[in-house]
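Take a look at the structure below.
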Amino acid sequence: MSRPPLVPWPLRVALDGRAPLAGPLALVPDDARGVPASTAAWFAAELAHAARDAVAPPGPGSTLVDVALDPDAVAHLPAADGVEPGPEPVDERYVLVVEPDAVRLRAASRTGVLRGLATLVQLAAEQPGTLPLGHIEDGPRFRWRGLSLDVVRHPFTAAEVRAVVDLLARYKLSVLHLHLTDSQAWRLPVPGRPRLGAGVAFTDDELTGLVEYAAERGVVVLPEADLPGHAAAALAAHPELGPVPPHPMLGHLGADHDAVPGFVRDVVAALADLSPGPFVHVGGDEPFGMPEADYAEVVRGQLAAVHAAGRRAVVWQEAVRGGTLTPADVLQYWIGPENRPDADALKAQAPAELHPLVDQAVAMFARAPGDVPAAVRAGVPVLVSTSDVLYLDRPYAEPADDDAGEARRARVGMPGYPAKTLRATFDWAPDTLPELDGATLAGVEAAVWCETVASFDDLAFLLLPRLAGVAERAWTTPTTPWDDHRARVVPHRALWRRTGWGAAYWPADSKTDEGALA
């Protein structure tokens, strides 16, 4: 039989033939067996979306999925690599068996149950009312499989961010990294800092609810406050923190300003209160206009505040230059080899008084190839977010398949990044990037920046179908080829339409049969 449209592709698949279901698939909530009520409700909702039919409550006519927590059943499968992003180690391995009269799921944890159910939903969606027979043995390549979402440049609602969480769970991604502060606005509530509130988009209750909603779906929320650069919004609220910037992109905390250490501690405390896991993200990228010595001093203070709060730090790669990262922290590598700014082109767009700052920024990027080797020497694991293939705000190179898509393609996506085809952004592997030679990989995390995003549909256009490819690269061993992945992801387009992601990009040369999921 042809390969079922499973994304990401599982570790081992042995399926042959199909059998009709005696009745709708259903789970009976049972905490002891790894099926809390929230998991059963999520499974029913996902089935309803995927199979296009209302799912009845468990009853005499249902096909019950026999779920049990059984670490021994998955012990023969390879353990995941990388860094655990959540509050405790999670084993996501599972075994799914489909027989003519039974469906059994065995997993080592409740999160493993969620991953197995996500696969079962995709199997059920291919030909509603039937399931392929056989078994699947599966587990992730990396523990940390994430998406960094910029909620600063576009003020997404809490409901929209929850929709992103649902998408991550559907494709077995494990981290939602929320970029909450930047020069344009400040979205993180900080107790005792009411002047920051002008830009806050989420209430405390909304953020807390989002964290709980994500946890129920096997997704860890990682909050970020991006400092000491990208601080114009913070400076507008608290001018005592640093100099008035000549340009919004140049705002940074002042190393010689007495108010900075207290502010950093307050921000780190707010991040720690929000974060369900051991990590908080304190930024550290693009300290434009900031002397190197000042940057290093403030970054050291940020890391000290994180460690004093009993947390581990995630930072963008430039922060390794501060010299105080520990092996318990994580360096987020983002400046890919292709990301080398052109000084002459930038100066042509900037007033003459900013040209020295352009030179400084170019020099900062020129140091980027030394950041990962510095992390290797310090024993710091590296989270792969290379802009070359994992920045999903990159323009698409191929024409879209309809006029609306073409209009959006002309408008959405950072013009500073050369456009790439879907194949080009999929044809890579985390452990073969030469610039990561010798690094201990924490995992894989895509990023989507929203300078060009004006609506949720714009976000859908940037994320899909590329996020499905990211999920496969982070989950699947061995590396899958593009043509195989493309054939499996095509049928998912219909599901995206039904779940609010209908504005997803699709290339014009993909006008093919979308399969049974259509």
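By convention here, the first residue in the shown sequence is residue 1. Just so you know, these numbers come straight off a predicted model, no measurement behind them.
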Please tell me if the side chains of [X] and [Y] come closer than 4.5 Å, counting only heavy atoms from C-beta onward.
| X | Y | result |
| --- | --- | --- |
| Leu467 | Leu173 | yes |
| His257 | Pro243 | yes |
| Leu459 | Leu149 | yes |
| Val264 | Leu253 | yes |
| Leu77 | Tyr94 | no |
| Glu92 | Trp475 | yes |
| Leu433 | Val384 | yes |
| Phe461 | Val453 | no |

Inter-residue atom distance [X].[atom1] - [Y].[atom2], 0.5 Å rounding:
| X | Y | atom1 | atom2 | value |
| --- | --- | --- | --- | --- |
| Leu180 | Leu274 | CG | CG | 7.0 Å |
| Asp182 | Asp150 | CG | CG | 6.5 Å |
| Leu463 | Asp458 | CG | CG | 11.0 Å |
| Leu235 | Leu250 | CG | CG | 11.0 Å |
| Leu210 | Leu178 | CG | CG | 6.0 Å |
| Phe43 | Leu117 | CZ | CG | 5.5 Å |

If every non-hydrogen atom of [X] is compared with every non-hydrogen atom of [Y], which pair is closest and at what distance?
| X | Y | value |
| --- | --- | --- |
| Gly254 | Val260 | O-CG2, 3.2 Å |
| Ala439 | Val372 | CB-CG1, 4.1 Å |
| Gly289 | Leu357 | CA-CD2, 3.6 Å |
| Leu105 | Gly116 | CD1-CA, 3.9 Å |
| Leu390 | Ser385 | CD1-CA, 3.7 Å |
| Pro369 | Arg340 | CG-NH2, 3.4 Å |

So, does [X] use its side chain to make a donor-acceptor pair with the main chain of [Y] at under 3.5 Å?
| X | Y | answer |
| --- | --- | --- |
| Ser109 | Gly112 | yes |
| Gln360 | Met290 | yes |
| His281 | Val314 | yes |
| Ser387 | Tyr391 | no |
| Asp329 | Thr326 | yes |
| Glu160 | Thr157 | yes |
| Arg300 | Tyr295 | no |
| Trp186 | Leu188 | yes |
| His355 | Lys347 | yes |
| Arg311 | Ala272 | yes |

Any carboxylate oxygen within less than 4.0 angstrom of a Lys/Arg side-chain nitrogen, looking at [X] and [Y]?
| X | Y | value |
| --- | --- | --- |
| Arg143 | Asp81 | no |
| Glu338 | Lys420 | yes |
| Asp371 | Arg321 | yes |
| Arg145 | Glu445 | no |
| Arg141 | Glu472 | no |
| Arg153 | Asp393 | no |

| query | Do Arg217 and Tyr213 meet the cation-pi criteria used here (NZ or CZ under 6.0 Å from the six-membered ring centre, within 45° of the axis)? | reply | yes
| Between Arg466 and Tyr396, is NZ or CZ placed under 6.0 angstrom from the six-membered ring centre and within 45° of the ring axis? | yes
| task | Would you sort out whether Arg110 and Val35 count as a side chain to side chain contact (heavy atoms under 4.5 Å, CB included), showing the intermediate values? | result | CA-CA 7 Å; Arg110 291 182 176 182; Val35 189; over 6 Å; no
| said: The test is salt bridge (charged side-chain N to carboxylate O under 4.0 Å, His left out); show your working for Glu451 and Arg411 and say whether it passes. | reply: CA-CA 11 Å; Glu451 287 93 339; Arg411 178 177 57 80; over 6 Å; no
| message | Could you check whether atom CG of Asp31 has more than 12 heavy atoms from other residues, nucleotides or ligands sitting under 6.0 Å from it? | response | yes
| request: Mark yes when over 12 heavy atoms from residues, nucleotides or ligands other than Asp359 sit less than 6.0 Å from its CG; otherwise mark no. | output: yes
| message | Would you say Glu286 and Trp334 are linked by a side-chain donor-acceptor pair, where the criterion is simply a distance under 3.5 Å? | response | no
| query | With distance as the sole criterion, is a donor-acceptor pair present between the side chains of His230 and Gln184 under 3.5 Å? | reply |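 No - no donor-acceptor pair under 3.5 Å links their side chains.
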| said: What verdict does the salt bridge (charged side-chain N to carboxylate O under 4.0 Å, His left out) test give for Arg115 and Asp138, after you've listed the backbone C-alpha separation in whole Å, the side-chain angles of each residue and the deciding distance to 0.1 Å? | reply: CA-CA 9 Å; Arg115 305 309 182 218; Asp138 199 12; over 6 Å; no
| said: With ring pair (Phe, Tyr, Trp, His ring centres under 6.0 Å) as the criterion, how do Trp501 and Tyr171 come out once you've worked through the C-alpha distance, each side chain's angles and the decisive distance to 0.1 Å? | reply: CA-CA 14 Å; Trp501 297 93; Tyr171 292 109; 9.8 Å; no
| Phe142/Ser174 under side chain to side chain contact (heavy atoms under 4.5 Å, CB included): CA gap, chis, key distance, verdict | CA-CA 10 Å; Phe142 292 106; Ser174 60; over 6 Å; no
| Leu176 and Val161: side chain to side chain contact (heavy atoms under 4.5 Å, CB included), yes or no, with the steps? | CA-CA 9 Å; Leu176 175 61; Val161 179; 3.8 Å; yes
| message | With side-chain contact (heavy atoms from CB on, under 4.5 Å) as the test, pick out the partner of Glu318 among Asp285, Leu331, Val299. | response | Asp285
| request: Classify the ring geometry between Phe426 and His485 as parallel (under 30°), tilted (30 to 60°) or perpendicular (over 60°). | output: parallel
| task | Indicate the ring-plane relationship of His492 and Trp496, choosing parallel, tilted or perpendicular according to the 30° and 60° boundaries. | result |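 Tilted: the ring planes of His492 and Trp496 meet at 30° to 60°.
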Donor-acceptor pairs under 3.5 angstrom involving side-chain atoms of residues 221-229: please list them, not counting sequence neighbours.
unit_1: Glu224; atom_1: OE1; unit_2: His177; atom_2: NE2; d: 2.7
unit_1: Glu224; atom_1: OE1; unit_2: His179; atom_2: ND1; d: 2.8
unit_1: Glu224; atom_1: OE2; unit_2: His179; atom_2: ND1; d: 3.4
unit_1: Glu224; atom_1: OE2; unit_2: Trp316; atom_2: NE1; d: 2.9
unit_1: Asp226; atom_1: OD1; unit_2: Gly284; atom_2: N; d: 3.2

| message | side chain to side chain contact (heavy atoms under 4.5 Å, CB included) for Arg106 and Glu137? Distances and angles first, verdict last. | response | CA-CA 10 Å; Arg106 299 293 180 263; Glu137 299 179 325; over 6 Å; no
